[in-house]
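Structure, as structure tokens:
Only heavy atoms go into these numbers, but all of them, side chains included; no hydrogens, no water, no symmetry mates. Because the structure is predicted, anything quoted here is derived from the model rather than measured.
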There are 2 protein chains.
Amino acid sequence: MRISSLAERSGVPLATVKYYLREGLLPPGRATSATQAQYGEGHLHRLALIRALTDVVGLSVARTRTVLDLIDSSPDDLFTTLGQAVAALPPYVEEHEEGHPRARAAIEALGWVYDPHYPAVAQLERALAAAESVGMPIEEQRLLGYGEHVRAIAQIDIAGVPRDDPGAAVEHAVLGTAIVEPVLAALRRLAHQDVSSVELGHRQGPPSGDDAGR
Amino acid sequence: MRISSLAERSGVPLATVKYYLREGLLPPGRATSATQAQYGEGHLHRLALIRALTDVVGLSVARTRTVLDLIDSSPDDLFTTLGQAVAALPPYVEEHEEGHPRARAAIEALGWVYDPHYPAVAQLERALAAAESVGMPIEEQRLLGYGEHVRAIAQIDIAGVPRDDPGAAVEHAVLGTAIVEPVLAALRRLAHQDVSSVELGHRQGPPSGDDAGR
DNA sequence: TTGATCAGATAGTGGTGGTATCCAATAATG
DNA sequence: CATTATTGGATACCACCACTATCTGATCAA
């Protein structure tokens, strides 16, 4: 298909498709002449991926490119690649490295195996420090509770990773981290509603305007 | 304290403090003369809050302002206020939306009480649609698993909300949603490492530089 | 042949998150 | 009391980002 069909079928404006080509997010089509190129289903999928990463996950074009590059590269080491992908995902954190005291204490309290250089350690440190600075420190008790359930969620994630094909594993792992995060965030917000309606006995039935009461 | 001390103690550049004042994120100090104003500890706390919301949560200045306004307003209805706050948090979603078929099916499968107009429903719809469009649909089985553990997390959250003071409850709920999310995201990424090191037998012990072989 | 479409290059746009400069009024200092 | 420094506030400016629009000459479809 030609670039105009690609734009039309993907719902992305033509000028933007060209922009993604320029920026290297979208690989060039197979040129059939000096002013013509063919694009395939792969390009369509790639555009969906780009839009999901930019619009839903909220990545910048530059970070989207690094994530896509990681997906494209055949990995020598899945864990290294995954670490790099995680570092490209928000919340962004500088490399400055200190002790990460809060994060290390937390992970050790949880008893998890971890690599202190993994970017998620710095992300955790930053998030815990932010919570503290705002007057809402996360106490160990609460953290242990979170950890237990988050680990269960991680087990579900891992169970879905294809074991045999390493290329597919990287893509799955990266997307699983990036794309599932908003799902979990939305679910948590909905769960707040459900839990409080049940636990606080606070009426919060279906549609407002409706007679939704208990 | 005067504005220069405020800037110094908070670590925020003076020009930026003035910018936040202009944008209405930071309330003006108590003017003692035409060219002098006093700022207090409250302003210091507010600056920390602004930086956490912009830098860690990644909100724009405009959205930070709406969140802060919600925290400041004494709420007629906690749930309405919380809904508005959630709408100001990423992932952002347009209001046009109709059936939310994926989201409604999901929440009904989970058996949760929900209000279909709650913004998190649209957020969930969008996140599920994005996952699908990228070739990684979240099947019901997996969703039920996520839901179970996310609900447990939500129970921990709700348990920490102050019951008596409604003003504090709004602030706690908003911050709890916004600030805790990065904590959970980082924990999940770390849990991936732990789970895979245990389940896949993939050794991922502490420092790299170590003999990190098989 | 002729008009439409194409790929690719270049330039322009609107919004955002600051930063820098200027000013007159006031505070601090000798 | 005179001089110098600093302040709050207003305005102007800036760099970056994600697009978007325009142009050009080649090539395709009729």
Quickly work out the Leu6(B) CG to dT7(D) C1' distance and round it to whole Å. 14 Å
Is a salt bridge present between Arg102(A) and Glu132(A), judged by a nitrogen-to-oxygen distance below 4.0 Å? yes
Separation of atom CG in Leu14(B) from atom P in dT7(D), rounded to whole Å: 8 Å
Let me have a per-nucleotide readout for nucleotides 16-28 of chain D, 5' to 3', with B, S or -, counting only protein heavy atoms under 4.0 Å. --BBB----BBSS
Charged N to carboxylate O under 4.0 angstrom, Asp72(B) versus Arg65(B)? no
For residues Arg9(B) and Tyr39(B), is any side-chain donor paired with an opposing acceptor at under 3.5 Å? no
Mind checking what makes side-chain hydrogen bond (donor to acceptor under 3.5 Å, both in side chains) contact with Arg2(A), not counting sequence neighbours? none
Whole Å only: how far is the CD atom of Gln38(A) from the C1' atom of dT5(C)? 14 Å
Taking atom types as modelled and ignoring hydrogens, do the side chains of Tyr92(A) and Asp55(B) form a donor-acceptor contact shorter than 3.5 angstrom? no
If you compare all heavy atoms of Val56(B) against all heavy atoms of Pro91(A), which two are closest, and at what distance to 0.1 Å? O-CB, 3.8 Å
How many Å lie between OH on Tyr39(A) and P on dT5(C), as a whole number? 17 Å
Taken to the nearest whole Å, CG/Leu21(B) to P/dT11(D) is 16 Å
